[in-house]
Amino acid sequence: MESKSGKKPYSVELASSLFALALIIGFLYVTQSVIVPLLFAIILSMTLYPIASFFENKLRFGKAAASIMAVIIAILIISTLIWFIVHQSIIIGKDAVAIQEKVLAAVESIQNWIQSQFGLERSEVIQKMKEQGNNALENVGGYMSTAFGSIGSTLAGVILVPIFIFFLLYYRDFFKEFFFKAFKNTDNKKIHAVLSKIYEVVQSYCLGLVMVMGIVAVLNTVGLMLMGIQYAWFFGSMASLLMLLPYIGIAIGSILPALFALATKDSALYAVGVIAWFQVVQFLEGNIITPNIVGSKVSINPLMAIIAILLGGMIFGLAGLILALPMFATLKVIFDAIPSMEPIGYLIGEPEKEHLKRNATQELLQKWGIVRKPKKFLTPTVVESASPDDTNSTDKKV
């Protein structure tokens with residue numbers, strides 16, 4: 001039912017916007033084999049735009065050549081990271097025999113501890129392990145088929161993403177005009193401002209993430225070196241790369257060096273120390289490093305960030321965990337620009353300082369007129385006129 005002014009009620013506009021959003025999410029889920037590489041390409045193309053702009057404006061390259069150079073530089077950087085991981089893995093694999101002996105010794109000590117604490121004989125422990133192993137082997141076929149099935153989509157994504165990035169950079173002005181044509185009823189300046197804000201938010205997130213990963217890699221490596229853990233650079237860098245998985249990446253990255261320390265060191269305290277140090281680094285990253293580098297440009301409150309990661313994982317799996325935060329930050333910019341979705345954008349963003357104060361509830365109720373502000377009672381001053389009979393008249397204050 002429309003109002004007299006012809007404008008739809010806010011509840012109708014909100015319901016239609018949410019319904020359209022649900023349809024979009026369903027479409028993304030069905031077409032994720034194409035959408036996921038495209039989303040990665042959009043994010044990376046925004047990150048690589050300054051490089052393409054440098055070649056185009058400073059070095060006077062053509063737009064096509066500048067776009068190709070930006071893609072080549074990205075491929076070289078990613079290839080170098082992959083080479084580093086594979087090379088270090090091969091080096092570690094050469095010491096596999098020595099590590100295996102220490103792992104067996106660690107397993108032996110664990111068995112002795114289980115026997116002393118729980119009274120289980122070694123034969124019982126081995127039997128339990130065999131039962132669990134048999135149960136796991138029953139599902140190996142399914143796991144292998146799933147893994148090999150995903151290789152095809154991964155290879156397709158590896159091929160598609162660079163192609164998408166090139167065309168997104170090469171046709172960037174063409175795509176911008178598409179938005180002007182698609183939203184003719186909206187002020188062009190507002191469309192330009194929204195697109196610029198999306199670019200700023202995504203680029204700030206990606207470049208800030210790279211800087212934070214570098215700092216975390218150094219901190220991880222320094223801690224492992226001080227504890228005398230071998231291959232400190234490899235383990236520290238691997239844990240920082242896992243920061244692509246927000247909130248859980250560093251914690252997951254601490255497992256491998258902790259197991260390595262348990263296998264190569266004489267005391268289990270080294271493994272505990274590795275996990276403890278990585279938790280310290282994660283605390284520093286979440287509370288000091290990231291807020292100061294990324295700042296308020298990617299303003300998503302932690303609760304909404306966790307929900308975004310869970311939803312991204314449900315829709316796109318592992319890729320969704322990586323894409324969740326930049327995509328949610330983009331949605332916030334879009335929601336802020338749509339009147340019917342502005343409250344949702346407000347809910348995604350960071351709370352203001354006034355919401356976190358001790359007396360925030362009272363001030364909030366006063367702000368929205370639910371509770372009246374207390375009146376300030378001033379003591380009035382009344383000057384009485386002097387009586388004619390009173391020769392010594394004075395002013396009296398009530």
Side-chain angles (χ1 to χ4, degrees), residues 21 24-25 28 32 34-54 56 66-67 70-71 73-74 77-78 157 160-176 178-180 182-183 190-214 241 243-247 249 289-302 304-305 307-309 311-312 315-316 318-338 341 344-345 348-350:
L21 181 62
I24 292 172
I25 292 174
L28 294 176
Q32 59 180 297
V34 177
I35 294 299
V36 169
L38 180 59
L39 291 176
F40 274 113
I42 291 173
I43 293 172
L44 290 174
S45 64
M46 292 182 185
T47 308
L48 295 173
Y49 170 72
I51 299 176
S53 179
F54 173 80
E56 187 176 339
S67 302
V71 174
I73 290 174
I77 294 173
I78 295 174
L160 287 175
V161 169
I163 296 174
F164 286 161
I165 292 174
F166 167 75
F167 284 111
L168 288 170
L169 290 172
Y170 186 43
Y171 292 155
R172 57 183 181 269
D173 295 320
F174 171 74
F175 292 129
K176 184 178 288 186
F178 159 77
F179 289 104
F180 291 140
F183 302 98
K190 185 175 183 179
I191 296 173
H192 177 70
V194 171
L195 293 176
S196 300
K197 181 66 175 177
I198 291 173
Y199 165 77
E200 181 184 3
V201 166
V202 173
Q203 191 181 64
S204 298
Y205 173 80
C206 293
L207 295 179
L209 180 62
V210 171
M211 293 179 64
V212 171
M213 288 170 66
L241 290 175
M243 283 182 60
L244 290 171
L245 305 177
Y247 295 102
I289 301 173
T290 297
N292 283 283
I293 292 179
V294 179
S296 59
K297 293 181 180 179
V298 185
S299 55
I300 302 176
N301 68 72
M304 290 295 110
I307 293 175
I309 292 169
L311 291 176
I315 298 173
F316 296 138
L318 180 62
L321 299 178
I322 301 173
L323 292 169
L325 291 186
M327 296 309 300
F328 234 58
T330 302
L331 285 177
K332 183 186 184 308
V333 175
I334 297 173
F335 289 163
D336 288 341
I338 302 174
M341 299 297 290
I344 307 298
I348 295 174
E350 288 277 5

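Remember, it's a predicted structure, so these values are computed and weren't measured experimentally.
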Tell me whether K190 contacts the main-chain N or O of A337 through its side chain, where contact means a donor paired with an acceptor under 3.5 Å.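 It does hold such a pair.
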
When rounded to the nearest 0.5 angstrom, what distance separates [atom1] in [X] from [atom2] in [Y]?
X	Y	atom1	atom2	result
L331	I198	CG	CD1	9.0 Å
Q203	L48	CD	CG	9.5 Å
L168	I163	CG	CD1	12.0 Å
F40	I322	CZ	CD1	4.5 Å
Y49	I165	OH	CD1	16.0 Å
L195	F180	CG	CZ	6.5 Å

Using side-chain heavy atoms (C-beta onward) and a distance below 4.5 Å, is V194 in contact with D336?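 Contact flag for V194/D336 side chains = no.
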
Side-chain contact test, heavy atoms from C-beta onward, threshold under 4.5 Å: evaluate it for L38 versus L160 and give yes or no.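 When only atoms from C-beta onward are counted, L160 and L38 do not touch, as no gap falls below 4.5 Å.
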
Quick check: closest heavy atoms across [X] and [Y], and the distance to 0.1 Å?
X	Y	result
F179	I191	O-CD1, 3.9 Å
A329	I300	N-CD1, 3.5 Å
A41	F164	CB-CB, 3.3 Å
M327	L39	CE-CD2, 3.7 Å
Y199	M46	CE1-O, 3.5 Å
V161	P37	CG2-O, 3.7 Å

What verdict does the side chain to side chain contact (heavy atoms under 4.5 Å, CB included) test give for L245 and I309, after you've listed the backbone C-alpha separation in whole Å, the side-chain angles of each residue and the deciding distance to 0.1 Å? CA-CA 9 Å; L245 305 177; I309 292 169; over 6 Å; no

Under the rule for side chain to side chain donor-acceptor pair (under 3.5 Å), what residues qualify as partners of S53, not counting sequence neighbours?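 Partners of S53 by the side chain to side chain donor-acceptor pair (under 3.5 Å) criterion, ordered by chain and then number, come out as N57.
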
According to the interplanar angle, ranging from 0 to 90°, do the rings of Y171 and F167 count as parallel (below 30°), tilted (30 to 60°) or perpendicular (above 60°)?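 It falls in the tilted class, 30° to 60°.
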
Within the supplied structure, the quantity of interest is the number of heavy atoms (other residues, nucleotides, ligands) at a distance under 6.0 Å from Y170 OH; does it exceed 12?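 At most 12 heavy atoms, drawn from other residues, nucleotides or ligands, come within 6.0 Å of this atom.
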
